[in-house]
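Below: one structure in structure tokens.
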Amino acid sequence: MISLSLSEKVMLGTALLGGMAGVVGSFAVLRGRALVGDMLAHAALPGVCIAFLITGHRDLLGLSAGALVSGLIAIGAVTVITRWTRTKEDAAIGIVLSTFFGVGVVLLSIIQKPSTSGNKAGLNSYLFGEPGGMLNSDLIVLAVVAAVVLAGVALFFKEFELTCFDSDFARSQGWPTLWLDLAMLAMLAVVTIVGLPIVGVILMAAMIILPAATSRFWTNRLPVLLLVSGLVGAAAGLLGTQVGRGYPAGAAIVLTASSFFVVSLLFAPQRGVISTLLSEYRLRRRVAEEHLLRALFELGEAELPAVPVIDVQVLRDYRHWWSLDRLLERAREEELIEWSANHVQLTPLGLRRASQITKAHRLWELYLVRHADIAPDHVDRDADDVEHLLPESLVAKLEQELAAEGRLPTVLAEVPDSPHVIGAEASGSVSP
Amino acid sequence: MRCRSEARIDWSLKRPVRGIGIWFMSKTAFEVHDMTVAYQRRPVLWDIDLAIPEGKLVGIVGPNGAGKTTLIKAALGLVPLASGKVEIYGKSYEEQRHLIGYVPQRESVDWDFPVTVRDVVLMGTYGRLGWFRRPGKSEREIADRCLQQVGMAGYAKRQIRQLSGGQQQRVFLARALAEEAQLYFLDEPFAGVDAATETAIVELLHALRSTGKTVLVVHHDLQTVSDYFDYVILLNMRLVACGPVETTFTTENLQKTYGGRLTILDEAAEAIRRQKPLP
């Protein structure tokens with residue numbers, strides 16, 4: 001094997017671990033099993049200690065075997081508790097996790113006693129993680145596990161995707177979802193256990209969950225999500241060990257991953273906090289503007305088609321406004337109204353928009369009052385939606401009803417066509 | 001005997017021609033014998049016996065907790081039978097899986113899952129593809145065609161979270177269409193969808209029937225039963241009745257199904273009134 005310096009080994013090893021934890025963790029998170037990784041990690045501790053007490057030295061394979069056994073017992077315990085009692089799964093996981101971890105801590109303290117024999121160096125790394133002690137053999141184990149896990153994901157991608165998204169549907173097609181679930185669980189267990197000496201039992205869950213949660217902010221495609229999760233995990237391993245030199249490595253790696261997460265949480269397009277706040281602000285602005293136009297339309301409706309000048313004070317009293325002056329200011333900038341001192345008047349453009357909005361609003365209102373037995377969840381939609389979501393015949397009927405009451409905004413007939421083609425993007429009809 | 005019936009099914013699959021359905025009218029698409037299903041020792045369905053002829057549009061009707069969804073899930077092998085058996089075109093479910101299309105309840109999945117509309121529809125082809133094979137060009141063409149059939153052609157690349165309830169339901173339907181089945185099970189396809197989607201789904205169901213497919217639909221709205229379906233299964237833990245709508249969907253049977261639930265009886269009376277006048 002090419003000889004690597006210790007720091008190179010550590011970099012490579014943590015990157016491998018981060019990468020595979022990211023990929024495997026994505027499936028766990030999507031299947032709603034994020035906490036299972038946490039439980040596996042904590043439950044591994046007693047197994048590690050017992051394996052050490054039996055073999056008397058720190059050997060990755062031996063200790064991992066111990067970890068695997070106690071991890072499996074823990075999964076069995078959760079299954080038994082949820083199946084045979086009324087305890088819910090999250091509670092059962094919490095109980096098993098802390099019980100096993102408690103046992104592990106007690107065993108660790110027994111091992112630490114001077115009377116216990118064996119080379120105890122490095123065993124503490126299972127608690128908080130210490131990649132500094134990485135041996136060539138450890139690196140080989142990591143590389144082999146990574147290769148197997150990634151090959152497994154590549155091979156079973158379609159099957160895992162289907163099982164995670166809709167396991168009932170998968171079973172209806174004859175897929176053995178139980179075995180596919182077990183395969184995903186096995187990969188999760190193996191990755192968790194080889195990662196224990198590097199990041200420790202307490203922080204291992206973060207390596208499973210953080211990369212997947214981070215990459216979810218940036219993509220809506222599963223293959224991309226897996227790739228980005230792998231990269232985020234690997235980068236966290238690499239950067240964490242480099243930047244965090246002199247600090248506990250497990251914590252440094254996890255904090256690096258957390259910082260990726262926080263950056264994504266804030267700045268990701270569409271799903272990020274800032275982007276969400278911005279679109280909420282825009283929505284509020286649009287709603288306020290629609291209220292303004294509708295109020296102006298309704299106040300002058302009696303005098304149509306002449307567009308009356310409306311007293312600002314009358315408008316102010318018409319309904320509750322948050323900041324009418326700013327609203328008027330903006331509407332004037334968009335050339336929807338003319339506004340001078342105490343008087344407001346809709347421009348032709350404003351009148352067109354106002355009549356559209358009013359019509360859509362009234363159609364929805366009528367629909368909800370008369371026909372809403374079908375879909376009460378479709379309130380407050382805009383004009384296009386009325387035409388898309390309701391059958392043509394129903395829209396026509398609603399329009400007739402409105403017209404009969406003399407409330408159909410008639411100006412629409414003289415108004416130029418809608419600036420965009422309705423129905424180009426979506427058609428409500430079905431051609432079987 | 002077995003061989004012959006298998007050959008006939010193949011033939012019908014290759015030639016889904018209008019009118020062929022009449023030839024197969026006598027054939028039984030879906031049959032349940034003495035089926036009992038229990039969840040944790042509490043029986044949910046007792047001794048269900050029913051047979052559905054091919055080419056029927058079947059409504060499964062009954063009060064909440066009547067076991068409508070369980071009937072479908074048991075038929076698909078998703079919940080274990082305590083006793084009895086299910087036959088699809090005369091054979092066990094395991095043998096006839098390729099003839100079945102399934103639309104689960106919309107709420108049963110996480111709509112924030114990182115897949116696009118087309119990805120979901122492609123899942124309909126996975127059963128045919130088998131292990132390890134990835135969907136290719138021909139599967140994508142099937143998916144796009146199915147999306148077109150449900151009026152969602154323009155949405156193939158959207159993330160599924162961005163869809164309205166009705167659109168999500170259409171995507172699920174398109175996925176079932178992509179399974180290219182003979183017998184479809186739909187679990188509450190009309191729940192929480194907009195009126196346009198409801199009309200569209202009904203049209204689609206009629207189109208399926210006209211090509212000889214059999215469709216079973218869990219349905220809640222008694223008022224539309226006689227408009228939408230030609231066969232009805234009335235269920236309330238036991239089978240109350242199963243047969244053509246005209247003779248089976250009667251006030252008497254509805255009373256047996258819904259018991260003393262007054263509001264529902266009103267609804268039932270209304271439903272009967274809407275039906276063609278009986279002699």
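To find a chain, count down the sequence lines: A is the first, B the second, and so on, and within it residues start at 1.
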For chain B, which of A:Ser172, A:Ala170, A:Pro223 has the most heavy-atom pairs under 4.5 Å?
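Result: the option with the highest number of such pairs is A:Ser172.
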How about CZ on A:Arg86, more than 12 heavy atoms from neighbouring residues, nucleotides or ligands closer than 6.0 Å, or not?
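At most 12 heavy atoms, drawn from other residues, nucleotides or ligands, come within 6.0 Å of this atom.
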For chain B, which residues from residues 23-33 of chain A have at least one heavy atom closer than 4.5 Å to it?
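Answer by number: A:Leu30.
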Would you check if B:Asp110 and A:Phe165 make a side-chain contact, meaning some heavy-atom pair closer than 4.5 Å?
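SC-SC contact between B:Asp110 and A:Phe165 ruled out.
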If you round to the nearest 0.5 Å, how far is OG of A:Ser167 from CG of B:Leu78?
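So the CG of B:Leu78 and the OG of A:Ser167 are separated by 8.5 Å.
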Of all of B:Tyr93, B:Tyr126, B:Tyr102, which one pairs up most often with chain A through heavy atoms under 4.5 Å apart?
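Option with the greatest count: B:Tyr126.
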What part of B:Glu179 gets within 4.5 angstrom of chain A, counting heavy atoms only: side chain, backbone, both, or neither?
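Side chain only.
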Can you tell me which portion of B:Arg128 sits under 4.5 Å from chain A's heavy atoms? Options are side chain, backbone, both or neither.
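When you check distances to chain A, no heavy atom of B:Arg128 falls under 4.5 Å.
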Tell me, for B:Val103 versus chain A, whether the close heavy atoms (under 4.5 Å) come from the side chain, the backbone, both or neither.
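For B:Val103, there is no contact with chain A at all, as no heavy atom is under 4.5 Å.
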Tell me, side chain or backbone of B:Ile100 under 4.5 Å from chain A's heavy atoms, or both, or neither?
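Neither; nothing under 4.5 Å.
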Quick one: are B:Arg161 and A:Arg271 in side-chain contact, heavy atoms under 4.5 Å?
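Yes - at least one pair of side-chain heavy atoms lies under 4.5 Å apart.
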Assert yes or no for the condition that the ring centre distance of B:Phe172 to A:Phe169 is strictly below 6.0 Å.
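So the answer is no for these two rings.
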Taking A:Thr219, A:Leu162, A:Val224, A:Leu225 one by one, which has the highest count of heavy-atom pairs under 4.5 Å against chain B?
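When all of A:Thr219, A:Leu162, A:Val224, A:Leu225 are compared, A:Leu162 has the most.
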In Å and rounded to the nearest 0.5 Å, what is the CG to CG distance from B:Asp112 to A:Asn220?
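B:Asp112 CG to A:Asn220 CG: 8.0 Å, rounded to 0.5 Å.
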May I ask you to decide whether A:Lys158 forms a salt bridge with B:Asp119, counting only side-chain N to carboxylate O separations under 4.0 Å?
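A salt bridge is absent here (no side-chain N lies under 4.0 Å from a carboxylate O).
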Examine whether an atom of B:Gln105 lies under 4.5 Å from a heavy atom of chain A, and if so say whether it belongs to the side chain, the backbone or both; otherwise answer neither.
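Neither part, no heavy atoms under 4.5 Å.
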Less than 4.5 Å apart, side chain to side chain, heavy atoms only: is that true for A:Gln270 and B:Gln159?
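No, their side chains stay 4.5 Å or more apart.
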Which residues in residues 173-181 of chain A have any heavy atom closer than 4.5 Å to a heavy atom of chain B?
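The stretch touches chain B at A:Gln173, A:Gly174, A:Trp175, A:Pro176, A:Leu180.
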Please flag which part of B:Leu122 lies under 4.5 Å from any non-hydrogen atom of chain A: side chain, backbone, both or neither.
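When you check distances to chain A, no heavy atom of B:Leu122 falls under 4.5 Å.
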Do B:Val115 and A:Arg221 have side-chain heavy atoms sitting under 4.5 Å apart?
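They are not in contact (no side-chain heavy atoms under 4.5 Å apart), so the answer is no.
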Is the count of non-hydrogen atoms from other residues, nucleotides or ligands lying under 6.0 Å from A:Trp84 atom CH2 greater than 12?
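Open: at most 12 neighbouring heavy atoms sit under 6.0 Å from CH2 of A:Trp84.
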